[in-house]
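The structure under discussion appears below in the form of structure tokens.
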2 protein chains.
Amino acid sequence: MKALIVDDDLALADIVSFTLRRAGYEVIVANDGAMALERWQTEAPHFLILDLNLPRLSGLEVCRRIRAESDIPIIILSVRDEDDDVVRALQLGADDYIVKPFSPRQLVARLEAVLRRSGSDRPVPDRFTAGDLTLDSLRAEIYVGENPVGHLTHLENQLLQTFMLNPNQVLPAEALIDHVWGPAGGDRAMLKQLVYRLRAKIEAAGTQTRVETVAGVGYSLATGRREPA
Amino acid sequence: MKALIVDDDLALADIVSFTLRRAGYEVIVANDGAMALERWQTEAPHFLILDLNLPRLSGLEVCRRIRAESDIPIIILSVRDEDDDVVRALQLGADDYIVKPFSPRQLVARLEAVLRRSGSDRPVPDRFTAGDLTLDSLRAEIYVGENPVGHLTHLENQLLQTFMLNPNQVLPAEALIDHVWGPAGGDRAMLKQLVYRLRAKIEAAGTQTRVETVAGVGYSLATGRREPA
DNA sequence: CAGCCAGGTTATAAAGAGGTAACAAAAAAG
DNA sequence: CTTTTTTGTTACCTCTTTATAACCTGGCTG
């Protein structure tokens, strides 16, 4: 997820930049209004952290112009905390208004609240791939390439999903049982049975990917490629 | 648009209440946490203004419980302005956090920013189309092309509308129940029945569009066209 | 070599999900 | 206040999914 930080105070921009990077975002910086618009166009960031007091083009104006064309989340970060400023910025379409000096933790929390609400936060991934096999965990459907080749039951879906989150790794039986049935929900006999049925389905699908047995320990999803060291 | 204000300080609740009413909102008040949940259930407000420091059930707990069942906008209004409090509230799913004493103008501006972002401000359009089937949700009338081909009941209308807002997507049973009956309002048996009745009507209408079952998950409205990747 | 695991296979039973239908309660219409 | 429509409830049936048990196999150990 890519952030565009707009601030003419380089030290400030650095702090914000550092904060967001640490929170796991990619960061681009612009130092004035005109540059902000340009970067916004060329870089297509996912959201903006915008100072109001900018050379060349005011923050409010930047906000207005971007809002005219895009619905991207915009968070204002400003020294001014007059009611008028806040209200005007929000009315122009900003999503939040934070007054400097700001708390990094709060900035991130507020940002994530806005992202959550805007729907641009990463939705829980519902599609997994291992080797040539793909699982659509929402539909519980498996594919080889583009072709649907089979339908899984709840438990099979759950199990394959666990495998795909840890491909080419040996997963102890206990861990698998926990992931599929939850704690105190399953036993080895049930897992054995489930593995058997899952194997039948993915073998019928005609894929390289297999569930391998690791005697005495558990199972592992082999993608056919060499396992990374 | 209906607000639920939750605050044990009656004077404060009155001020907020007055502010929102003047801004054109309908207002309901609750004075403690338990009452808040009850009112939320019975009154189905469009958003919450929530104090944190409540008798009987803390504001955070109210927030958590409501978030477990609903996506309704929640704005926290609290005297506490510790970073920890703000961050925790936002992480629990609150949309904004305003510190008392608050500015009425700013409260309204922030509220409206959240409502805008949450999409609850734009009126639901009253005409939907999916494939060759059209729904006039105001009249609860369905058409194939220009010809009216059937009349739906309230619930059927609600359900089809939900489908048409997300065509060709798998909608989990829970989500459908929520949209049709609201939180804590329906169960699978009722949904099953409702789907059965809706299917009868749209099948009788002679359309390509169908409600498909996704076993173990929910349903999906299939328009007959290829689904977008 | 006999016996005993662990794990694969097969079979069968229990549980559950979903479609259909009929009916009763509640709400709306007249 | 009666009649009609809508909604909720229950029951039944079928098909799928899941659990359980029995059996088979091959490797390992005493």
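Residue numbering restarts at 1 for every chain, and letters A, B, ... go by the order of the sequence lines.
Of the listed residues (B:T19, B:D95, B:L20, B:D96), just one forms a side-chain contact (heavy atoms from CB on, under 4.5 Å) with B:L111, and that residue is B:L20.
Using a 4.0 Å cut-off between a side-chain N of Lys or Arg and a carboxylate O of Asp or Glu, B:R116 and B:E112 do not qualify as a salt bridge. Between B:D81 and B:K100, none of the side-chain N atoms (NZ, or NE/NH1/NH2) sits under 4.0 Å from a carboxylate O, so this pair counts as no salt bridge. Of the charged side-chain nitrogens involved, none lies within less than 4.0 Å of a carboxylate oxygen, so that B:R197 and B:E156 do not count as a salt-bridged pair.
The distance from atom OH of B:Y196 to atom P of C:dG19 is 10 Å, rounded to the nearest whole Å. Between the CD atom of A:Q158 and the P atom of D:dT17 there is a distance of 15 Å, rounded to whole Å.
B:I142 has its side chain out of reach of B:T134: every pair of non-hydrogen atoms, C-beta onward, lies at least 4.5 Å apart.
One axis for each end of the helix from C:dC1-D:dG30 to C:dG30-D:dC1, each built from five base pairs, and the angle between them comes to 30° at 10° resolution.
Each of B:R199 and A:Y219 was assigned the nucleotide of DNA chain C with the nearest heavy atom; the assignment lying further toward the 5' end belongs to A:Y219.
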Please write out each protein N/O paired with an N/O of nucleotides 4-11 of chain D under 3.5 Å, distance rounded to 0.1 Å.
unit_1, atom_1, unit_2, atom_2, d
D:dT7, OP1, B:L155, N, 3.4
D:dT7, OP2, B:T153, OG1, 2.3
D:dG8, OP1, B:W181, NE1, 3.2
D:dG8, OP2, B:W181, NE1, 3.2
D:dG8, O6, B:R197, NH2, 2.4

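When atom types are taken as modelled, the side chain of A:R67 and the backbone of A:S70 share a donor-acceptor pair closer than 3.5 angstrom.
If you look at A:F163 and A:F128, their ring centroids are not closer than 6.0 Å.
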